Colleague: 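Dropping a structure here in structure tokens format, bear with me for questions.
Values in this document were obtained by computation on a predicted structure and should not be read as measured data. Only heavy atoms go into these numbers, but all of them, side chains included; no hydrogens, no water, no symmetry mates.
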Amino acid sequence: MDLIARLRAGLPGEAILTDPDVTGSYANDMASFCEAGTPAVVVLPRTVEQVQHVMRTATELRVPVVPQGARTGLSGAANASDGCIVLSLVKMDRIIEINPVDRIAVVEPGVVNAVLSRAVNEHGLYYPPDPSSWEQCSIGGNIGTASGGLCCVKYGVTAEYVLGLDVVLADGRLLSCGRRTAKGVAGYDLTRLFVGSEGSLGIVVRAVLALRPEPPQQLALAAEFPSTAAACDAVCEIMARGHAPSLLELMDRTSVRAVNAMAQMGLPETTEALLLAAFDTPDPAADLAAVGALCTAAGATQVVPAETAAESDLLLQARRLTLTALERVKSATMIDDVCVPRSRLAEMLDGTAAIADKYDLTIGVCAHAGDGNTHPTVCFDAADPDESRRARESFDAIMALGLRLGGTITGEHGVGVLKKEWLARELGPVGLELQRGIKDVFDPLGILNPGKLF
């Protein structure tokens, strides 16, 4: 019995896609410079049992399986390999439970981040992780890549909110790990191991997520600086003085001009760096005043605090538009994701500007400045071979810079295909050997998302 026939034995007909024109549309995520193969079939299960059937079939026939969420990722982690089963989990999109007493939500992997966020808000609760693609990205994808967002400086990344998981293993067995309780230290933390594993260890089919009480409405300010160094000095002072902003973001000159060109927002184009800070404390105006004074002391030429939630939203909209605006500069972009210690942030930004000059490219940088996570975005003409080569070389130069500064090659986007070589450099030979050993325990046949990470 062939692959399709075996799949049909345990799946409804509408869950199996075989038309090459359709399956080809599932071949890749949103990353540049990442190879993608041709899938043999796309499967869209709706139940745990259907996922188990897929994995049992794949194990019996030794067929690779590539798990996918909404394919908004930026590292090629969801890219198909030749002859694989693409296992798309977007149809498993139920919010099973929202429990205000235990402050948890139980969800399937296909639930969209924004849908969950709005649902828990109705109960006076808050799910903090908010990737820029939160209106499209799925919770399963967020877990697979350990994604972050604008609020990480105060609330942390996805890993901080995953309490428990149900995972279908490579051979079809169902593993439940973690807990529903506020505390728990029983055995090795397998739950945390799956977070960020990019579908290489198992298929997440259910997640228990921690929730927080909904905070007050935040207020924001914008501060204009004559240099990135001055802006980064302000960031260091804000954090050193013990402030806890709900958001602390930076846009460089290139990013500001790109947003103005696209949305005519009237941002100050004379600025070298624009710092955005927000607080969701009981008295955000007082916190903004204190931070505004620190910005002025660090050299800010203008500090504009918002007085209303609507004004705050307008300021923050500029930051959320940055990547979209940079995509309009050239026909293609490569979005880097290097995270460095806050104390080295200025060196990271100045070094990136030097790399842009060296390779004669436009590279805009926006950053989650409060946690040192930078997103240098290389803009290039994909139809120009020489410019494409320079773009890839500049991307590698930026990652090398991040490692030299004591940072990491990815703060929230993951490794996927794009950064495999750099993961090996960061981990070193001993770390790489141990990680490959863990992979072999969970996936001895090597059928789960092959070619990713290592």
Side-chain angles (χ1 to χ4, degrees), residues 25-36 66-80 88 90 112-114 129-150 152 157-159 195-200 249 255 258 319-339 352 361-368 371-380 382 388 391-392 394-399 402 407-423 426 449 451-453:
S25 68
Y26 287 81
N28 55 273
D29 62 17
M30 297 179 68
S32 301
F33 289 108
C34 293
E35 293 183 359
V66 176
Q68 287 185 350
R71 292 184 291 115
T72 58
L74 294 166
S75 68
N79 283 13
S88 174
V90 295
V112 171
N113 185 295
D130 64 339
S132 295
S133 58
W134 78 305
E135 291 281 7
Q136 294 86 34
C137 64
S138 66
I139 295 298
N142 294 169
I143 292 170
T145 57
S147 58
L150 302 186
C152 292
V157 296
T158 297
V195 179
S197 66
E198 302 184 16
S200 65
E249 298 287 308
S255 299
R319 169 61 183 86
R320 291 190 181 275
L321 288 174
T322 301
L323 295 181
T324 302
L326 288 170
E327 287 173 351
R328 293 164 61 101
V329 173
K330 290 274 189 167
S331 65
T333 58
M334 289 188 74
I335 303 172
D336 219 323
D337 174 38
V338 174
C339 190
T352 299
L361 292 166
T362 298
I363 303 178
V365 182
C366 58
H368 307 311
D371 54 30
N373 195 175
T374 67
H375 294 307
T377 302
V378 182
C379 307
F380 65 100
S388 296
R392 181 67 214 220
S394 71
F395 184 88
D396 287 343
I398 290 167
M399 284 192 285
T408 176
I409 60 166
T410 175
E412 58 188 12
H413 290 173
V415 175
V417 177
L418 190 61
K419 298 184 176 182
K420 288 197 302 180
E421 173 191 348
W422 288 96
L423 178 65
E426 180 171 334
N449 215 7
K452 315 298 166 54
L453 292 170

Colleague: Quick one: pull up CD in Gln68 and OH in Tyr26 and give me the separation to the nearest 0.5 Å.
Modeller: 8.0 Å
Colleague: What are the two closest non-hydrogen atoms of Ala382 and Ser331, and how far apart are they?
Modeller: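 Closest heavy-atom pair between Ala382 and Ser331: N-OG, 3.0 Å.
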Colleague: Can any side-chain N or O of Ser138 pair as donor or acceptor with the backbone N or O of Gly141 at less than 3.5 Å?
Modeller: yes
Colleague: Of all the heavy-atom pairs spanning Val66 and Ala80, show the shortest one and how long it is.
Modeller: CG2-CA, 4.2 Å
Colleague: To the nearest 0.5 Å, tell me how far Thr377 OG1 sits from Met334 CE.
Modeller: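 If we round to the nearest 0.5 Å, Thr377:OG1 and Met334:CE are 10.5 Å apart.
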Colleague: Which is it for Asp29 and Leu74 under the side chain to side chain contact (heavy atoms under 4.5 Å, CB included) test, yes or no, and what are the steps along the way?
Modeller: CA-CA 7 Å; Asp29 62 17; Leu74 294 166; over 6 Å; no
Colleague: Are side-chain N/O atoms of Asn142 and Trp134 paired as donor and acceptor at under 3.5 Å?
Modeller: no
Colleague: With sequence neighbours excluded, tell me which residues meet side chain to side chain contact (heavy atoms under 4.5 Å, CB included) with Glu421.
Modeller: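 Glu421: side chain to side chain contact (heavy atoms under 4.5 Å, CB included) contacts with Arg425.
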Colleague: Using only atom types and a distance under 3.5 Å, with no angle test, would you say the side chain of Asn113 pairs donor to acceptor with the backbone of Ser133?
Modeller: no
Colleague: Would a distance-only check, ignoring hydrogens and angles, find a side-chain to backbone donor-acceptor pair under 3.5 Å from Asn449 to Glu198?
Modeller: yes
Colleague: What closest approach, in Å, do Ala70 and Cys137 show between heavy atoms, and which atom pair accounts for it?
Modeller: CB-CA, 4.0 Å
Colleague: Let's go through Arg319 and Cys366 carefully: what are the C-alpha distance in whole Å and the side-chain angles of both, what is the deciding distance for side chain to side chain contact (heavy atoms under 4.5 Å, CB included) to 0.1 Å, and is it a yes or a no?
Modeller: CA-CA 8 Å; Arg319 169 61 183 86; Cys366 58; 3.7 Å; yes
Colleague: For Glu135, is the CD atom crowded, meaning more than 12 foreign heavy atoms sit under 6.0 Å from it?
Modeller: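 Enclosed: over 12 neighbouring heavy atoms sit under 6.0 Å from CD of Glu135.
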Colleague: Is it true that a side-chain atom of Lys420 and a backbone atom of Gly451 form a donor plus acceptor pair closer than 3.5 Å?
Modeller: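 Yes; at least one donor-acceptor contact below 3.5 Å.
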Colleague: Mind checking the CG-SG spacing from Leu326 to Cys379? Nearest 0.5 Å is all I need.
Modeller: 5.0 Å
Colleague: Could you check Ser388 against Phe33 for side chain to side chain contact (heavy atoms under 4.5 Å, CB included), going step by step and ending with a plain yes or no?
Modeller: CA-CA 9 Å; Ser388 296; Phe33 289 108; 4.1 Å; yes
Colleague: Looking at every non-hydrogen atom in both residues, tell me the closest pair between Ile363 and Pro376 and how far apart they are.
Modeller: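 So the two residues come closest at CG2-CB, 4.1 Å.
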Colleague: Asp336 and Lys419: salt bridge (Lys or Arg N to Asp or Glu O under 4.0 Å), yes or no, with the steps?
Modeller: CA-CA 10 Å; Asp336 219 323; Lys419 298 184 176 182; 3.4 Å; yes
Colleague: Which distance, rounded to the nearest 0.5 Å, do you find between the CD of Glu426 and the CH2 of Trp422?
Modeller: 10.5 Å
Colleague: Closest approach of Glu249 and Leu150, non-hydrogen atoms and distance?
Modeller: OE1-CD2, 3.5 Å
Colleague: Indicate yes or no for a side-chain donor-acceptor contact from Glu327 to the backbone of Thr333 under 3.5 Å, with no hydrogens or angles considered.
Modeller: no
Colleague: How close do Gly414 and Ser75 get, counting heavy atoms only, and between which atoms?
Modeller: O-CB, 3.7 Å
Colleague: Please lay out, stage by stage, how Val417 and Lys452 fare under the test side chain to side chain contact (heavy atoms under 4.5 Å, CB included).
Modeller: CA-CA 5 Å; Val417 177; Lys452 315 298 166 54; 3.5 Å; yes
Colleague: Parallel, tilted or perpendicular: which describes the rings of His375 and His368, with under 30° parallel and over 60° perpendicular?
Modeller: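 Plane angle over 60°, so perpendicular.
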Colleague: Is there a donor-acceptor pair under 3.5 Å between the side chain of Thr408 and the backbone N or O of Cys339?
Modeller: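 Side chain of Thr408 to backbone of Cys339, a donor-acceptor pair under 3.5 Å: no, none is there.
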Colleague: Do Asp337 and Thr410 have side-chain atoms, one donor and one acceptor, less than 3.5 Å apart?
Modeller: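 Checked: Asp337/Thr410 side chains pair up, N/O donor to acceptor below 3.5 Å.
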Colleague: Measure the spacing between CG of Leu321 and CZ of Arg328 and express it to the nearest 0.5 Å.
Modeller: 10.0 Å
Colleague: Nearest 0.5 Å, please: how far is CE in Met30 from CG in Asn79?
Modeller: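 The distance works out to 12.0 Å.
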Colleague: Ignoring hydrogens and geometry beyond distance, is a side-chain donor-acceptor pair present between Glu412 and Thr145 at under 3.5 Å?
Modeller: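 No, because no side-chain N or O of Glu412 sits under 3.5 Å from a partner of the opposite role on Thr145.
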